[in-house]
*Asks:* 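Attaching a single structure in structure tokens format; questions to follow.
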Amino acid sequence: MQADLLITNIGQLLPMNKQGPVKGKEMNELEVIEGAAVSIKQGKIDWIGSVGEASVIEADQTIDAKGKLVTPGLVEAHTHLVFGGSREKEMALKQRGVPYLEILKQGGGILATVHATREASYEKLLQKALFHLDRMAMHGITTVEAKSGYGLDAETELKQLKVVKAAMEKHPLDIVSTFLGAHAIPPEYKDDPESFLTVMSDLFPQIKAENLAEFVDIFTETGVFTVDQSRRYLLKAKEYGFDVKIHADEIDPLGGTQLAAEVGAISGDHLAVATDEGIKQLAASETIGVILPGTSFYLGKDTYAPARKMIDQGAAVALSTDFNPGSSVTENLQLIMSIAALKLKLSPEEIWHAVTVNAASAIGRGEEAGSIVEGRKADVVIWDAPNYLYFPYHYGVNHAKTVIKNGAVLYERQAVR
Ligand SMILES: N=CN[C@@H](CCC(=O)O)C(=O)O
Ligand SMILES: [Zn+2]
């Protein structure tokens, strides 16, 4: 048997090959193959078997995993990848206890980044996005969702979406685009959010025609968009053929979780203050809860999403960094895995489902990313970790040793001695 690349001596292989999204207690059932080998041909997984069986394979390149953990590339289901500037000065305000929504009300927060993004050139935004994608790749991420939402005018929203499209061509990671024009109310429409939403929804035909985004998202929150406004906006997006997502129940429990289930959103994201009724409706729906505990951590909150309850009641949960310049400034999904164990009380088995197969399902890539399955894309990571339990345990560092994207080594950590 021939192969382009053979990975052998795998201590533990997580194939993550269940049909996603994996819901409820099934998230706790993890298949682990010990003493495994994987061969890759033309960018795809060609064969999975034991180290012994692999001896008959003639490969152009062989990687000895040295008994370490091998998993699918991580899937990052919620990022605000494209933005101008940075907001390190807000950190002091947060330390003084100024709430996130108060900073926004005063024209800071998201609106500060809107200002910087409007000012930034297309080229500058692209270079910045590529830089962050590199860092994600170095942390074992092979598929990334990217939102607009720091333009809040037609011109800048389209500029952001075009940057995402260019990044798809220039960067080896797979990128999935989301239009988040309804991310905040810009100063020009301070007293007329309805008209602003019309300006944004008027972009739907062009975004569809130019294939600039697959998903439409909205921030349903106090001082931003109401549940009613969000419902109308998202239903309109669906009429144009978009799947929808919601930034829901992040700070105030307005019922965004219920709305996500009601409109058949592919995901409801944040859900930090989801109510029991919201959890019940989420669990009964096909909507995936994309939980972003880095946000609670980074905003210094004591409240974390009731992800434990969601899974116990049968919902599908994914985990993401929410990488953005304000509420979660990290490209390291491995760190989020530790926060999920410590603060959400998820098991390592649940966490691995949440960053692979379920994250892929939450961005419409359930059939191609987040799993190691014969015939699928060869997105594979060799971790400097002895087993899958090691992840939430050894926290805050990068365990990625070798990141393979479409069958080619994309990143290899250099030894210091
Ligand atoms: N909550 C709304 N939007 C982002 C934060 C964006 C920002 O603060 O710049 C989020 O998902 O956390
Ligand atoms: Zn977000």
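As the structure is a computational prediction, the values presented were derived from the model and not from experiment. Each ligand, and each atom within it, is numbered from 1 in the order the structure gives.
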*Asks:* Between E262 and R231, does any NZ, NE, NH1 or NH2 come within less than 4.0 Å of an OD or OE carboxylate oxygen?
*Replies:* yes

*Asks:* Please confirm whether T113 approaches ligand 1 to less than 4.0 Å, judged on its heavy atoms.
*Replies:*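 Under 4.0 Å: no for T113.
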
*Asks:* Using a 4.0 Å heavy-atom threshold (strictly under), name the region of E221 that reaches ligand 1: side chain, backbone, both or neither.
*Replies:* neither

*Asks:* With a 4.0 Å cut-off on heavy atoms, does H270 reach ligand 1?
*Replies:* yes

*Asks:* In terms of heavy-atom contacts, does NE2 of H115 have more than 12 from other residues, nucleotides or ligands at under 6.0 Å?
*Replies:*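 For H115, atom NE2 is not crowded (no more than 12 foreign heavy atoms under 6.0 Å).
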
*Asks:* Going by side chain to side chain contact (heavy atoms under 4.5 Å, CB included), name the residues that satisfy it together with V397, two or more places apart in sequence or in a different chain.
*Replies:* H394, H399

*Asks:* Would D249 and H270 count as having a side-chain donor-acceptor pair, cut-off 3.5 Å?
*Replies:*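 No, because no side-chain N or O of D249 sits under 3.5 Å from a partner of the opposite role on H270.
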
*Asks:* Considering only N, O or S atoms, which atom of D322 is nearest to the Zn ion (ligand 2)?
*Replies:* OD1

*Asks:* Looking at I110, which atoms of ligand 1 are within less than 4.0 Å of one of its heavy atoms?
*Replies:* 6 (C), 7 (C), 8 (O), 9 (O)

*Asks:* Tell me the protein heavy atom at minimum distance from atom 3 (N) of ligand 1, and give that distance in Å.
*Replies:* H183 NE2, 2.7 Å

*Asks:* Taking only Lys NZ, Arg NE, NH1 and NH2, and the carboxylate oxygens of Asp or Glu, determine whether K124 and E119 approach each other closer than 4.0 Å.
*Replies:*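 Between E119 and K124 there is no salt bridge, as every charged N stays at least 4.0 Å from the carboxylate O atoms.
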
*Asks:* Can you list everything that forms a side chain to side chain donor-acceptor pair (under 3.5 Å) with K68? Sequence neighbours excluded, please.
*Replies:* D384

*Asks:* I want to confirm something. Looking only at heavy atoms, which of F219, F83, Y100, F323 is nearest to atom 5 (C) of ligand 1?
*Replies:* Y100

*Asks:* Among all the protein's non-hydrogen atoms, which is closest to atom 10 (C) of ligand 1, and how far away is it?
*Replies:* D322 OD2, 3.1 Å

*Asks:* So which heavy atom in the protein is nearest atom 1 (N) of ligand 1, and how far is it from that ligand atom?
*Replies:*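 Of the protein heavy atoms, E250 OE1, 2.6 Å lies nearest.
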
*Asks:* What residue and heavy atom of the protein are closest to atom 9 (O) of ligand 1, and at what distance?
*Replies:* Y150 OH, 2.6 Å

